[in-house]
Amino acid sequence: MRIGTGYDVHRLTENRKLILGGVEIEYEKGLLGHSDADVLVHAIMDALLGAAALGDIGKHFPDNDMQYKDISSIELLKRVAALIDEAGYTVENIDSTIVAQRPKLSPHIPRMKENIAAALGIDIGRVNVKATTEEGLGFTGEGLGIASQAVCLLNEKDRA
C-alpha cells in the first residue's frame with residue numbers, strides 16, 4: 001500500500017479557457033500554464049507519481065517541451081495511468097480538493113469525476129472531488145488563482 005499527495009496552483013488570466021477535471025467551465029478567466037493548466041488533474045498526477053516513487057509531472061512532462069504545449073491534462077493523466085500500471089500498482093482511491101473563490105464548481109464535479117475515472121480506467125466510486133473557497137482570503141480568495149490538492153492510495157498488483 002502506497003500513499004501519495006499532490007498540490008498545484010495556477011494564476012487566473014484573461015484569454016484562456018478554464019479547464020478543471022477535464023471539464024471546460026464557462027468563466028471570464030482561465031488558468032495560465034504550458035498545458036491546459038488543469039490544476040485538479042495536475043495535483044492528482046503528482047499524487048499518483050509520488051505514491052509510486054516515480055517523480056513528479058515536471059519530470060515526465062516538462063514545461064519547456066513544446067509537445068506538451070496546450071495539451072489536455074486528461075491525456076497526460078492517461079499516460080500517468082500507464083506508468084502506474086507498468087510500475088505494478090493499481091489505484092485504490094483518489095481524494096481531491098479544488099480551492100477557488102469563483103466560479104461555482106459543484107455542478108461540474110460529476111463530470112470531473114467521470115473524466116478522471118475514465119482516464120485512469122477505474123470505477124468512478126474510487127474518485128472523489130470536492131470544492132471549497134477561502135472566504136476571500138489569500139490569492140485564491142482574491143480570485144487571482146486556483147489551487148488543488150490530492151491524496152491517493154495505490155496497491156501493488158498481485159504478483160502471483
Side-chain angles (χ1 to χ4, degrees), residues 3-51 56-81 84 91-154:
I3 297 170
T5 64
Y7 175 81
D8 196 34
V9 61
H10 284 274
R11 176 183 305 275
L12 282 163
T13 188
E14 295 187 11
N15 301 315
R16 289 276 297 190
K17 293 178 181 178
L18 178 58
I19 310 289
L20 293 170
V23 177
E24 185 174 335
I25 299 168
E26 195 168 315
Y27 191 58
E28 69 256 14
K29 294 181 178 180
L31 294 169
L32 183 62
H34 185 67
S35 66
D36 63 6
D38 187 331
V39 293
L40 173 60
V41 174
H42 291 184
I44 290 169
M45 289 191 296
D46 267 345
L48 293 166
L49 290 166
D56 61 18
I57 60 174
K59 173 184 174 182
H60 294 276
F61 316 111
D63 66 3
N64 59 0
D65 189 331
M66 290 309 293
Q67 72 176 311
Y68 304 120
K69 179 73 174 142
D70 298 322
I71 193 168
S72 163
S73 294
I74 290 290
E75 289 304 312
L76 297 178
L77 183 58
K78 291 175 184 176
R79 296 179 193 186
V80 168
I84 297 301
V91 179
E92 191 63 31
N93 81 305
I94 295 167
D95 186 28
S96 58
T97 305
I98 306 165
V99 183
Q101 196 65 33
R102 294 183 306 127
K104 187 78 170 160
L105 297 176
S106 58
H108 306 285
I109 288 176
R111 282 192 41 229
M112 292 178 194
K113 291 173 58 175
E114 289 172 9
N115 291 343
I116 293 162
L120 293 171
I122 62 175
D123 184 87
I124 194 169
R126 295 177 180 238
V127 177
N128 192 47
V129 176
K130 304 177 299 288
T132 191
T133 69
E134 289 192 308
E135 304 296 331
L137 301 173
F139 71 91
T140 58
E142 293 174 13
L144 300 175
I146 295 178
S148 185
Q149 54 189 342
V151 63
C152 74
L153 179 66
L154 301 181

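Between I44 atom CD1 and L49 atom CG the span is 12.0 Å, to the nearest 0.5 Å. From D38, atom CG reaches atom CG of L20 across 5.5 Å, with rounding to the nearest 0.5 Å. Taking CZ of F139 as the start and CZ of R11 as the end, the distance is 9.5 Å to the nearest 0.5 Å. Atoms CD1 and CG, on I25 and L31 in that order, are 9.0 Å from each other to the nearest 0.5 Å.
For the pair I19 and V41, the minimum side-chain heavy-atom distance is 4.5 Å or more. Using a 4.5 Å heavy-atom cutoff, the side chains of T140 and Q101 are not in contact. Considering only heavy atoms from C-beta on, L18 comes within 4.5 Å of I146 through its side chain. In this structure, the side chains of V9 and V99 stay at 4.5 Å or more apart for every pair of heavy atoms. At a threshold of 4.5 Å between non-hydrogen side-chain atoms, the residues V91 and L154 count as touching. Counting heavy atoms from C-beta outward, R102 and K29 have side chains that stay 4.5 Å or more apart. Side-chain contact between H60 and V80: absent, with no pair of heavy atoms (C-beta onward) separated by less than 4.5 Å. Two residues are said to be in side-chain contact when any heavy atoms from C-beta on lie closer than 4.5 Å; M112 and I98 meet this criterion.
Partner of M45 under the side chain to side chain contact (heavy atoms under 4.5 Å, CB included) criterion, chosen from I57, L40, I84: I57. Looking at V151, D95, I94 one by one, the single match for side chain to side chain contact (heavy atoms under 4.5 Å, CB included) with N128 turns out to be D95.
Under the 3.5 Å distance criterion, with hydrogens and angles disregarded, a donor-acceptor pair is assigned to the side chains of D36 and S73. Remark: the D63 side chain and the H34 side chain contain no N/O donor-acceptor pair separated by less than 3.5 Å.
By the 6.0 Å contact criterion, CG on D123 is enclosed, its count of non-hydrogen atoms from other residues, nucleotides or ligands being greater than 12. The local environment of NZ in K130 is crowded, with over 12 non-hydrogen atoms from other residues, nucleotides or ligands closer than 6.0 Å. For E26, the CD atom counts as loosely surrounded, since its 6.0 Å shell holds 12 or fewer non-hydrogen atoms of other residues, nucleotides or ligands. Other residues, nucleotides and ligands place no more than 12 heavy atoms under 6.0 Å from the CD atom of E14.
The two residues C152 and A47 have their closest heavy-atom pair at SG-O, 3.3 Å. The two residues H42 and A37 make their nearest non-hydrogen contact at CE1-CA, 3.9 Å. Nearest heavy atoms, H10 versus V39: CD2-CG1, 3.1 Å. What you find for A43 and S148 is that their closest heavy atoms are CB-O, 3.6 Å. Closest approach of I71 to S35, counting heavy atoms only: O-CB, 3.5 Å. Residues I109 and V129 come closest through the heavy atom pair CG2-O, 3.5 Å.
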- Task: Begin from the C-alpha positions of N115 and L77 and carry the test side chain to side chain contact (heavy atoms under 4.5 Å, CB included) through to its verdict.
- Result: CA-CA 10 Å; N115 291 343; L77 183 58; over 6 Å; no

- Message: Checking D70 against R16 for the salt bridge (charged side-chain N to carboxylate O under 4.0 Å, His left out) test, could you report, in this order, the C-alpha distance in whole Å, the side-chain angles of both residues, the deciding distance, and whether it holds?
- Response: CA-CA 10 Å; D70 298 322; R16 289 276 297 190; 3.3 Å; yes

- Step by step, work out the salt bridge (charged side-chain N to carboxylate O under 4.0 Å, His left out) result for R111 and E114. CA-CA 5 Å; R111 282 192 41 229; E114 289 172 9; 5.7 Å; no

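D56 places no side-chain N or O within donor-acceptor distance of the main-chain N or O of D46, the cut-off being under 3.5 Å.
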